[in-house]
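Have a look at the structure below before the remarks.
We count ligands from 1, going down the list as the structure has it; atoms in each ligand are counted the same way. Numbers for residues simply follow the sequence, beginning at 1. These numbers were taken from a predicted model, which means no experiment stands behind them.
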Amino acid sequence: MNRRKFIKNTALTGAGLTLGNSLMGCDEKTSEKTKNTIINSENGSKTSLPLVIATWHVKEATAKAMEVLQAGGNVLDAVEQGCMVEEANENGQSVGKGGLPDRDGNVTLDACIMDKNGNCGAVAYLQDITHAVSVARKVMEDTPHVMLAGEGAKQFAISQGFEPEDLLTETSKKEWEEWKVEAKYKPIINIENHDTIGMLAIDKNGDISGACTTSGLAYKMGGRVGDSPIIGSGLFVDNEIGAAVATGLGEEVVKTVGSFLVVELMRQGKSPQEACEEAIGRIVNKPNSNYKDFQVGYIAVNKKGETGSYSIHQWFSMTKFQNGVNEQIQSDFFNKS
Ligand code: ASP
């Protein structure tokens with residue numbers, strides 16, 4: 001749908017269409033600093049902005065992003081600060097500090113960020129810096145490039161004031177040492193309770209941004225980079241249409257340019273849910289697909305504030321913060337056999 005058609009089909013105004021606390025959800029109420037914007041869709045349903053969604057069960061992260069938006073903050077700040085919550089969480093073993101290392105014991109991070117104007121930045125194979133998403137943002141804003149990798153990314157981060165630190169926690173080191181006994185490499189479906197954190201947000205004006213950050217697959221080969229820093233695969237934002245972000249086996253996401261695909265399917269008129277389902281279909285319907293052995297999940301949002309999520313296997317979830325309600329939503333999935 002092009003911009004003109006979108007404007008025709010939706011009413012996106014602040015005028016008179018606001019939600020007060022009476023309609024706000026129950027357990028976690030938002031500040032009253034900014035009022036919500038109501039969008040009327042063609043089918044008569046209503047959604048309200050701002051809105052934040054993220055992969056997996058990350059309520060503290062979505063709460064942080066919503067706090068930024070409700071304070072009238074920038075939507076790019078919201079997704080960055082939301083992702084930073086999980087990067088700093090040492091108990092999350094798939095993101096930032098405390099992430100499980102590669103087979104040589106090195107924690108290496110991938111992240112990217114994309115704004116409403118289509119600007120983007122990414123880091124791949126970054127070591128010793130907790131907030132990979134913030135380095136990605138610096139790449140976007142302070143360099144002429146889109147992606148920095150490895151030692152160059154680390155040196156750039158240090159030059160921007162990021163403090164190097166050891167990201168391998170005692171817990172993750174112990175698990176790696178136990179893994180080394182057999183050193184069997186096999187991508188595991190749903191490593192602990194979340195893998196990549198991917199976050200998409202829309203502010204009350206309808207502007208979209210997204211970010212994602214991960215330590216990638218546990219015990220991967222040294223030098224391996226997944227989908228998460230690759231714009232179009234791990235994340236894609238098109239402010240006219242919507243946005244999508246991926247989690248799971250990055251190789252399979254890259255082979256289908258997954259997040260770009262989801263956004264393009266929405267451009268063709270599919271709902272976020274239908275688009276996520278078709279993008280998963282592209283993976284599982286390949287000849288000889290061994291999808292039973294790996295997980296991929298997508299979440300998506302369109303310009304109307306409608307959301308969707310879908311995965312290959314059960315137990316993928318999305319956290320959604322909208323209308324004062326911050327909730328975990330179990331995703332529908334393909335493999336029901
Ligand atoms: N997509 C990430 C990667 O392949 C990992 C994950 O989300 O589990 O690096």
Side-chain angles (χ1 to χ4, degrees), residues 53-58 61 82-83 86-87 89 92-96 98-104 106-114 122-127 132-133 136 147 149-150 153 167 172 175 179 185-200 210-236 244-262 276 279-280 282-283 290-291 293-300 309-319 331 333:
I53 57 172
T55 53
W56 306 104
H57 185 197
V58 289
C83 286
E86 287 301 308
E87 287 179 334
N89 173 11
Q93 288 183 295
S94 56
V95 178
L100 287 169
D102 65 13
R103 56 184 58 182
D104 306 315
N106 299 312
V107 180
T108 70
L109 307 181
D110 295 337
C112 72
I113 193 162
M114 193 161 184
V123 286
Y125 199 70
L126 175 68
Q127 294 184 54
V133 72
M147 187 189 292
L167 303 184
S172 291
E175 287 186 30
W179 172 83
Y185 177 69
K186 189 172 183 297
I188 304 161
I189 296 172
N190 296 344
I191 302 166
E192 44 112 10
N193 65 354
H194 67 83
D195 304 325
T196 299
I197 173 173
M199 184 176 282
L200 309 171
C212 66
T213 182
T214 187
S215 53
L217 296 177
Y219 318 130
K220 60 198 174 185
M221 288 176 69
R224 182 264 187 189
V225 170
D227 59 316
S228 302
I230 300 178
I231 295 294
S233 290
L235 170 75
F236 197 70
V245 67
T247 182
L249 186 61
E251 282 74 4
E252 296 299 324
V253 176
V254 169
K255 286 176 201 167
T256 49
V257 199
S259 294
F260 183 71
L261 174 61
V262 172
C276 289
I280 290 292
R282 295 284 174 96
I283 297 172
N290 59 338
Y291 69 84
D293 297 335
F294 61 82
Q295 173 70 303
V296 171
Y298 291 110
I299 64 170
S309 71
Y310 198 67
S311 57
I312 299 176
H313 301 284
Q314 200 171 8
W315 307 126
F316 176 52
S317 63
M318 160 171 88
T319 306
S331 184
F333 56 97

- [ ] Compare all side-chain heavy atoms of Ile312 with those of Phe294 and state whether any distance is below 4.5 angstrom.
- [x] yes
Task: Under the side-chain hydrogen bond (donor to acceptor under 3.5 Å, both in side chains) test, residues paired with Glu252 that sit two or more places apart - done: Lys255
Task: Side chain, backbone, both or neither: Ser228 near ligand 1, heavy atoms under 4.0 Å - done: side chain
TODO: If the plane angle is over 60° it's perpendicular, under 30° parallel, otherwise tilted; pick one for Trp56 and Phe316.
DONE: perpendicular
Task: Which of the ligand 1 atoms, numbered from 1, are nearer than 4.0 Å to a heavy atom of Gly216 - done: 9 (O)
Open item on the list: Does ligand 1 come near enough to Gly250 that some N or O of the ligand is less than 3.5 Å from an N or O of the residue?
Closed with: yes
TODO: May I ask you to list the atoms of ligand 1 that are less than 4.0 angstrom from any heavy atom of Thr196?
DONE: 1 (N), 2 (C), 5 (C), 6 (C), 7 (O)
- [ ] List for me each residue that meets side-chain hydrogen bond (donor to acceptor under 3.5 Å, both in side chains) alongside Ser233, sequence neighbours excluded, and say none if there are none.
- [x] none
Task: Proximal ligand 1 atoms for Thr247, defined as those under 4.0 Å from one of its heavy atoms - done: 6 (C), 7 (O)
Open item on the list: Using heavy atoms and a 4.0 Å limit, tell me yes or no: is Asp227 in contact with ligand 1?
Closed with: yes
- [ ] Give the contacting part of Glu252 toward ligand 1: side chain, backbone, both or neither, where contact means a heavy-atom distance below 4.0 Å.
- [x] neither
TODO: May I ask which of Gly198, Gly258, Gly248 has a heavy atom nearer to atom 5 (C) of ligand 1 than the others do?
DONE: Gly248
